[in-house]
Number of protein chains: 2
Amino acid sequence: MNLTLVTFLPIFRRMNKPIQQRTLKTRAKLLEATRAIVAEVGYDGLRTEQVVKRAGVAKGTFFAHFRDKDALLDILIGGDMLAALDDMAAQPAPRDLNQIMDRLNPLMALMTSNRTVFDVILRHSGAAAIETIGPIAESFGRMIEVFAAWFTPDGDHPFRTDVTPELLAEGVQAFMLQALGLQFCALHNALSVDERLGPYLQAWLLPVR
Amino acid sequence: MNLTLVTFLPIFRRMNKPIQQRTLKTRAKLLEATRAIVAEVGYDGLRTEQVVKRAGVAKGTFFAHFRDKDALLDILIGGDMLAALDDMAAQPAPRDLNQIMDRLNPLMALMTSNRTVFDVILRHSGAAAIETIGPIAESFGRMIEVFAAWFTPDGDHPFRTDVTPELLAEGVQAFMLQALGLQFCALHNALSVDERLGPYLQAWLLPVR
DNA sequence: TTCATCTATTGACCGCGGTCAATTCCTTCC
DNA sequence: GGAAGGAATTGACCGCGGTCAATAGATGAA
């Protein structure tokens, strides 16, 4: 029963009412069942009916806990992303392009582990058709913070200083998404992600003009 | 019966067989019905059952012509995007940032006209969960060509020349998507698209270092 | 014209995400 | 303890995207 469970729980709850124990139990059962099924058949094969069956609850209970199926995926995938970002932030700031790519690697591996996952991430990142912000959207905000910390003016980094760290960070995010997106595109998968991202970041962070 | 109709038609067709007239008729009816419904209730309210009812054909006929509902949206939205790109390519190459934003405006307006539309575009752009390439993916390729033409070394433009035109173009695309995506995000819609894209492009195309 | 062989169309059917009125369970107050 | 008043849970039900065996229609050969 970790913090993540509690954090995103009381979606439709009145503010001042206590959370019943069974609620936490049920939610934990649903998440655990989901993780087990994903481990067995992957995200593509995930069916809410299987989740509730495995968790031993009724269909309606699922939707009392999660707005829809996407919200559940958001929590699982977003949780993984936030964890990857924590690892990233714990490392020393990168001091050249190769180090940046190293830092980005685990997160990118996660995001491209499968098409469905990347699709969910894209939807929740731009928050295209999503009303509320969830863990994935949060992790995109967090990502900017982590990147921007690499480019603070006081830490002496070798990268361009004519623009704000936040702007640099948003650029890194944009190029990362571009590289990942093209990776899944039938037209442009000749190059690897690194081969594509490298020139982007070189041109973005170290322009010669 | 324009070219677009014919171009994307024979998905599952043997190569050397003639196309029956009724096939074209049916397809045209389906597309026309779709356009009419979208005009009335928007993309969100589009239902395949309504489309086939209005077109006067059976449900199965729809899926004999389009792989799925998304493929139909791909054709409609991608068609609009390609048209916008044609207009863009017909104009003289922009010579400063403001002109670039002017050129991009119609396309961006189209892409952000509604959440569902942007969602479809995102899915088909990165081709996240899509197997085949359709008009939207094609338009993303086309976009790079049009942008790259603005940055050819021989046309004397004021932008940076330390990287290839294609790379510059891909960057413009990445920043455009980033700006549009953040527009739909509940966290970051304080700034307008232009206010966000301007600094991106300034930093990307005119770095001072 | 007739027959054989394709192709296009049909509509009953299915899977699955999501809803909601009814029910059970928990907490609080007397 | 018992009653009142939520809060959580239930499962029959629905909407809609997508399938497929069966049927109708087109085409070319004899």
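All values reported here derive from a predicted model rather than from experimental measurement. Below, chains carry the letters A, B, ... as their sequence lines are ordered, and counting in each starts from 1.
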Revision key, fill the gap. Sorted by chain and number, sequence neighbours left out, salt bridge (charged side-chain N to carboxylate O under 4.0 Å, His left out) with A:E166 holds for none
**Study point:** Results of ring-ring contact (aromatic ring centres under 6.0 Å, His included) for A:Y43 - residues two or more places apart only
**Key:** none
Between the protein and nucleotides 22-24 of chain D, list the N/O to N/O atom pairs that are separated by less than 3.5 angstrom.
none

**Study point:** salt bridge (charged side-chain N to carboxylate O under 4.0 Å, His left out) partners for A:D102, two or more places apart
**Key:** none
Review point. Quick one: is B:T26 getting a side-chain N or O under 4.0 Å of the C:dA8 phosphate, OP1 or OP2?
Key: no
**Study point:** NZ/NE/NH1/NH2 to OD/OE distance under 4.0 Å, A:R123 and A:D119
**Key:** yes
Practice item. Kindly write out the residues that satisfy salt bridge (charged side-chain N to carboxylate O under 4.0 Å, His left out) with A:D86, not counting sequence neighbours, or none if the list is empty. Key: A:R142
Review point. Can you find a side chain N or O atom of B:T61 that sits less than 4.0 Å from OP1 or OP2 on C:dA8?
Key: no
Check your understanding: Expressed in angstrom and rounded to an integer, what is the separation of B:Q20 atom CD from C:dT5 atom P?
Key -> 18 Å
Check your understanding: What residues form a side chain to side chain donor-acceptor pair (under 3.5 Å) with A:N114, not counting sequence neighbours?
Key -> A:D44
Practice item. Would you mind reading off the distance between B:K29 atom NZ and C:dA8 atom P, rounded to a whole angstrom? Key: 15 Å
Study note, to complete from the structure: Contacts satisfying salt bridge (Lys or Arg N to Asp or Glu O under 4.0 Å) that involve residues 55-65 of chain A (not counting sequence neighbours) are A:E49-A:K59
Practice item. Please state whether the phosphate of C:dA8, meaning OP1 or OP2, lies under 4.0 angstrom from any side-chain nitrogen or oxygen of B:H65. Key: no
Review point. What string of B, S and - do you get for nucleotides 13-18 of chain D 5' to 3' if you count protein non-hydrogen atoms under 4.0 Å?
Key: ---SBB
Point to revise | Counterpart residues, side chain to side chain donor-acceptor pair (under 3.5 Å), relative to B:R54 (two or more places apart) | key: B:E40
